[in-house]
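Every chain is numbered from 1 and lettered A, B, ... according to where its sequence line falls, protein lines coming before strand lines.
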Protein chains: 2
Amino acid sequence: MSPAPSRPEKLSRETLLPLMAAHVLEHGLGGASLRPLAKAAGTSDRMLVYHFGNKETLIVELLDHIAGVYSATLDMALGDIRPASRRECFDRVMDQAANPAMRPFMVLWWDIVAGAARNLPGYEVAAQKMIARQLDWLIRQMPVDDPDPEGGARLLLTLMEGSLMLGTVGHAKTARDGLLAGDLSPS
Amino acid sequence: MSPAPSRPEKLSRETLLPLMAAHVLEHGLGGASLRPLAKAAGTSDRMLVYHFGNKETLIVELLDHIAGVYSATLDMALGDIRPASRRECFDRVMDQAANPAMRPFMVLWWDIVAGAARNLPGYEVAAQKMIARQLDWLIRQMPVDDPDPEGGARLLLTLMEGSLMLGTVGHAKTARDGLLAGDLSPS
DNA sequence: TCTCTATTGTAGCACTCGCTACATTCCTCT
DNA sequence: AGAGGAATGTAGCGAGTGCTACAATAGAGA
């Protein structure tokens, strides 16, 4: 009721998660152990266990939070595209994927995919959310005259993710050449 | 100089690598620490450091070895396809990617991609080799009448990798629907 | 036989890991 | 003011980490 919040805000899950998410975005999930996470959040490992119960629960909630941060960052980083063709749409989205604001997510993303492949709890759910969010946005950016914007967006998404993966393992040119060898127009 | 084996150490490494590779294929790279690796190889952590110098060198050599094992496994698992169209080629390759013999590689693959994204030593090199090997094979499986088999193979590879990624994060249907919304024929 | 070097075993160091026991402080409600 | 729960600090446990010091063995060349 009374304002004057000069005191440090009470620590809770909601205040801790953004700080830990920032740490994970910079340092990855592989080395995300309690003590570094606590330091990044200005607490102790003792308090992280107190608030989240155990590390597994913490990571699950953290991944869910990161999925939310990803959505917000998408909105900030991505403008409207309104392309004339699927190919133009693809090119512009790939340009925006190179936005430095998205770079930490790009690196973290493969950690999440690897975790999902190993069925670690929380990873697949977070990945699903992030992909769904990306797909929603992509559908709205398809050419206005596209006869199948939903299908087309799914096609472009598949191509984008394949291209991004090939790019991170040093085969960006392979993906680029491949894109020139096909017709992306509606079937 | 003498006909006697000049490099006994090399023999040791190559004896140890397959055993450690099997362990990594089953348990992943994340938890690949010296003592479990040594146990899988029938030695001690002490000897792994003796033979490889340190863990980083060991992992680099192990990844390179795994890239070789991957090539051999591809030859065993993949038959000849000889499809009539790019779409048929894609479908059949995706079927073979579901081969249980390839499953451990599928899971390990995302570990390697994640490591490459973080510039861990050895990861990107191994990933490049594995992708290059896959692309070589794919080029030879393109329809005989394809006017641009190399470009087409690159296009299919990009689509395959995107589809496999979406599949591991629970969006297999997204990729499948996307494939139906586009024309894969040569541009 | 006698070195000499390559290989291997045994212990252990200094560190991080997730997690817990215990005590203390803080805040709110009565 | 006092009670009682929520929140937090301190200290540490047992296990695991990469790596090393030191000594013992083995096997080949002199």
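Only D45(B), R46(B), listed by number, bring a heavy atom of residues 38-48 of chain B to less than 4.0 angstrom from any atom of DNA chain D. Less than 4.0 Å separates DNA chain D from at least one heavy atom of each of the following residues of residues 49-60 of chain A: Y50(A), H51(A).
Between D111(A) and R118(B) a salt bridge is recorded (basic side-chain N to carboxylate O distance below 4.0 Å). Using a cut-off of 4.0 Å between Lys/Arg side-chain N and Asp/Glu carboxylate O, K129(B) and D64(B) are scored as salt-bridged. Between K173(A) and D177(A), at least one side-chain N (NZ, or NE/NH1/NH2) sits under 4.0 Å from a carboxylate O, which counts as a salt bridge.
Proximity of L16(A) to L58(A): side-chain heavy atoms (C-beta onward) are nowhere separated by under 4.5 Å.
Residue-environment remark: CZ (R13(A)) exceeds the threshold of 12 foreign heavy atoms within 6.0 Å.
Nearest heavy atom pair, residue A117(A) against residue W110(B), reads CB-CD1, 3.7 Å. Contact between M142(B) and C89(B) at its shortest, heavy atoms only, is SD-SG, 4.2 Å.
OP1 and OP2 of dG16(D) both lie 4.0 Å or more from every side-chain N or O belonging to S33(B).
With rounding to whole Å, R13(A) atom CZ is found 14 Å from dA7(D) atom C1'.
Residue-to-nucleotide contacts include a donor-acceptor pair under 3.5 Å from the side chain of R35(A) to the base of dG18(C).
Residue M47(B) is found in a hydrophobic cluster whose other members, listed by chain and number, are Y50(B); membership requires side-chain heavy atoms under 4.5 Å apart, directly or through intermediates.
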